[in-house]
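First up is the structure itself, then whatever we jot down about it.
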Amino acid sequence: MADAVRVRFAPSPTGHLHVGSARTALFNWLYARHHRGSFILRIEDTDRSRSTEENIGSIVEALEWLGLDWDEGPPAAGYRQTERFDIYRAHAARLLAAGRAYYCDCPREQLERERQAAQARKETFRYSGRCRDRGLAAGALRLRIPQEGATVVDDLVHGPVTFEHAQLDDWILVRTDGTPTYNFCVVVDDVTMRITHVIRGDDHLSNTPKQILCYEALGYPLPEMAHVSMILGADRSRLSKRHGATSVQAFRDRGILPDAMVNYLARLGWAHGDQEIFTRADLVELFDIKDVATSAAVFDETKLEWLSHEFLKRLPGEALAPLVRPFVGAAGLAAPDDGRLARIVDTLKERAKTLVELVQVGRFYFARPASWEPAAARTYLTPEGAVRVVLLAERLGALAAWDAAAIEGVYRALTAELGVKLVELAQLTRLAVTGGTASPPIFEVLALLGRDETLARLQAARARVLAEGAA
RNA sequence: GGCCCCAUCGUCUAGAGGCCCAGGACACGGCCCUCUCAAGGCUGAAACACGGGUUCGAAUCCCGUUGGGGCCA
């Protein structure tokens, strides 16, 4: 088991979990689960000014919601960079002692001038190397990199990518104030956590040769590298807040099912033939990082919602009821017991793409209509409609068994007697009972509402007609 | 600005030289079903960024252009 797969997800807690990061986390998780390896969570909180406890909690919560469980990481100690400064310091000292790193005291302003001069000459800025052989005892610690040759990143998704050393420079490992830089921390962390496969965003590809040089200076073997593309907004620019929802919890709050979110994220840049719907088990079995696409993908909320709808339809009411309950409460409504809620949800699930929408379209199950849709009311809540309501109420009141089939019988019979189409009575009833013109099959609705509630609502609708007539 | 990455329908993608005058899915249009809305079935419109090569043959390989993204900040 010496070569067991160990992967990590290393977010910076500077905000909520972004969907792009979530996809990176998912790919790591899938890779770990597929290979029966370990998935490690590491918090990259060296940027103390922007890292907060709240954000860590939020990220953890989002990962849990997605069902991406980690084998190592918080709350255990030692998985936050701020707890690991001694480790970075020790590695820096080793590099210094071995002559693979050196101190530099070039003033910031001078470096800035050089940078601008380089840009004016249309060249890549490289540190001049002035302090390379000065044997300084303090300052910023720089990595001594080879002057010539090239480093090639053998990327699992991109293939070999070559970087000329002439384009790289002796980058800073530890700043003058003693704080280690991001690239250095990452290398030390990945090495000490024995990460075998670094799966991360494309935006780090350019940093990779610098990191590889650091691995070599440290004398550590290289992990496999895999850089996955970024997620873009509809205008093909990096997905950001101005594109709308970008955090995982925004979709949770909207009532997207977590399995749908996982399915959608997996399909962004990855495919398995024509298959669109994947269970978690499918993904674990079929996913391979090598099959991930190289190009960036546009985030499409519409397709996400379609997937959520697909998962909603497939879930039995009993499984859905506990998921729906909090959304009923959030809408300011009271939900019945699980058994009844399950049956209600079964009539609603193919009519909603999200849990929020499901509660919206099924609102009448939890509360009497506060009003009746005006246009439909003009058509149905008429004196003639009131007469029909009375007839319906009488017969429904006399029904021996209260179930959808028996209720339908009443409607069929009355339809024949009155010489009207079923749609007339159905819509009349629907409007009276739900307040609107769209709902699950009306006989099922009445069956679920119960006889007393049905009759009460019919009566209320009739009362409205009478009140209108009097006015 | 330099370096790096990327480029098939509006979007996600299948496609690893002939199976492709390009397949699936979302969204969109039409028809059917129907107590409404959905769901479902059938169906329509919709793409290989451009230009050069290589090859008997290219969406697939190579070069360039353009466009987008990233890193250096």
Side-chain angles (χ1 to χ4, degrees), chain A residues 111-112 115-127 150 152-153 155 157-159 161-169 171 182-183 201-210 227-239 263-277 290-310 312-313 347-353 357-358 361-362 373 376 380 404 407-408 411-412 415 420-431 433-434 436-446:
Chain A
L111 294 173
E112 189 50 42
R115 170 172 298 130
Q116 279 165 7
Q119 185 148 154
R121 275 178 281 125
K122 303 196 176 195
E123 286 173 11
T124 304
F125 167 70
R126 292 179 71 219
Y127 168 62
V152 3
V153 179
D155 195 89
V157 341
H158 289 276
V161 182
T162 304
F163 294 85
E164 298 292 333
H165 290 165
Q167 300 294 337
L168 272 25
D169 68 355
W171 55 285
Y182 170 80
N183 281 306
D202 240 352
D203 46 345
H204 293 293
L205 185 54
S206 298
N207 287 328
T208 307
K210 291 161 66 169
H227 288 91
V228 307
S229 64
M230 317 248 66
I231 292 181
L232 311 177
D235 60 358
R236 303 209 77 92
S237 69
R238 197 175 190 157
L239 187 67
N263 192 150
Y264 179 72
L265 256 16
R267 278 287 285 103
L268 222 45
W270 175 84
H272 180 69
D274 286 341
Q275 191 173 341
E276 294 285 350
I277 312 286
K290 294 181 187 66
D291 297 331
V292 171
T294 50
S295 53
V298 172
F299 192 82
D300 180 6
E301 289 186 17
T302 308
K303 186 150 186 181
L304 204 211
E305 291 193 338
W306 170 76
L307 268 170
S308 186
H309 188 197
E310 291 299 311
L312 223 39
K313 281 191 295 187
T347 71
L348 260 18
K349 65 189 188 187
E350 69 183 27
R351 295 175 168 73
K353 294 185 281 292
E357 194 184 342
L358 186 144
V361 298
E373 231 174 75
Y380 293 104
I407 293 168
E408 179 163 1
Y411 278 77
R412 296 282 175 194
T415 300
V420 297
K421 288 185 186 293
L422 179 59
V423 64
E424 296 287 324
L425 297 184
Q427 284 302 76
L428 167 64
T429 307
R430 185 157 4 241
L431 181 65
V433 164
T434 72
T437 56
S439 84
I442 193 63
F443 311 125
E444 284 179 49
V445 169
L446 299 189

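Treat the numbers as computed from the prediction; the structure is a model and nothing was measured. Letters A, B, ... are given to chains in the order of the sequence lines, protein chains preceding strands, and every chain is numbered from 1.
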Could you state the atom-to-atom distance from [atom1] of [X] to [atom2] of [N] in whole Å?
X: K353(A); N: C37(B); atom1: NZ; atom2: P; value: 15 Å
X: E301(A); N: C26(B); atom1: CD; atom2: C1'; value: 13 Å
X: R121(A); N: G1(B); atom1: CZ; atom2: P; value: 17 Å
X: M230(A); N: G70(B); atom1: CE; atom2: P; value: 8 Å
X: N263(A); N: C26(B); atom1: CG; atom2: C1'; value: 13 Å
X: E123(A); N: G1(B); atom1: CD; atom2: C1'; value: 11 Å
X: Q167(A); N: C3(B); atom1: CD; atom2: C1'; value: 5 Å

Least distance between heavy atoms, L425(A) atom then T415(A) atom: CD1-OG1, 3.6 Å

Spacing of [X] atom [atom1] and [Y] atom [atom2] [to the nearest 0.5 Å]:
X: I442(A); Y: I407(A); atom1: CD1; atom2: CD1; result: 9.5 Å
X: N263(A); Y: E310(A); atom1: CG; atom2: CD; result: 10.0 Å
X: T437(A); Y: E373(A); atom1: OG1; atom2: CD; result: 4.0 Å

With sequence neighbours left out, what residues match [X] under side chain to side chain contact (heavy atoms under 4.5 Å, CB included)?
X: Q116(A); value: E112(A)
X: S229(A); value: R23(A), D202(A), A296(A)
X: A118(A); value: R121(A), F125(A)
X: A297(A); value: L268(A)

Table of protein N/O atoms under 3.5 Å from nucleotides 38-45 of chain B N/O atoms:
from	atom 1	to	atom 2	distance (Å)
A38(B)	O2'	E350(A)	O	2.4
A38(B)	N1	E350(A)	OE2	3.4
A38(B)	N3	E350(A)	OE2	2.9
A39(B)	O3'	K313(A)	NZ	2.9
G40(B)	OP1	K313(A)	NZ	2.9

Apply ring-ring contact (aromatic ring centres under 6.0 Å, His included) to [X] and list each qualifying residue two or more places apart in sequence or on a separate chain.
X: H204(A); result: Y182(A)
X: Y127(A); result: none
X: Y380(A); result: none

[N] and [M]: how far apart are their [atom1] atoms, nearest whole angstrom?
N: C50(B); M: U60(B); atom1: P; answer: 10 Å
N: A49(B); M: U8(B); atom1: C1'; answer: 10 Å
N: C56(B); M: G67(B); atom1: P; answer: 35 Å
N: C20(B); M: A73(B); atom1: C1'; answer: 46 Å
N: G52(B); M: G57(B); atom1: P; answer: 15 Å
N: G10(B); M: C48(B); atom1: P; answer: 8 Å
N: C32(B); M: G15(B); atom1: P; answer: 38 Å
N: A14(B); M: A7(B); atom1: P; answer: 11 Å

Report yes or no: does [X] contribute a side-chain atom to a donor-acceptor pair with the main-chain N or O of [Y] at less than 3.5 Å?
X: R430(A); Y: P440(A); result: yes
X: R126(A); Y: A166(A); result: yes
X: R351(A); Y: T347(A); result: yes
X: D291(A); Y: W270(A); result: no
X: S308(A); Y: L304(A); result: no
X: D155(A); Y: H227(A); result: yes

Sort out the partner of [N] for me: Watson-Crick or G-U wobble, both distances under 3.5 Å, none otherwise.
N: A22(B); value: none
N: G44(B); value: C28(B)
N: G57(B); value: none
N: G2(B); value: C71(B)
N: U36(B); value: none
N: U66(B); value: A7(B)

Could you go over nucleotides 58-64 of chain B and give all protein N or O partners under 3.5 Å, atom names and distances?
none

Using a cut-off of 4.0 Å between protein heavy atoms and nucleotide atoms, how would you tag nucleotides 6-21 of chain B 5' to 3' with B, S and -? SS---SBSS-------

Base-contact (B) and sugar-phosphate-only (S) positions in nucleotides 28-35 of chain B, heavy-atom cut-off under 4.0 Å, - elsewhere: -------B

Shorter than 3.5 Å, N or O on both sides, protein versus nucleotides 71-73 of chain B: list them out with atom names.
from	atom 1	to	atom 2	distance (Å)
A73(B)	OP1	R115(A)	NH2	3.4
A73(B)	N6	Q119(A)	NE2	3.3

Exceeds 12 heavy-atom contacts within 6.0 angstrom, atom NZ of K313(A): yes

With a 4.0 Å cut-off on heavy atoms, is T437(A) in touch with a base, just the backbone sugar-phosphate, or nothing at all? base

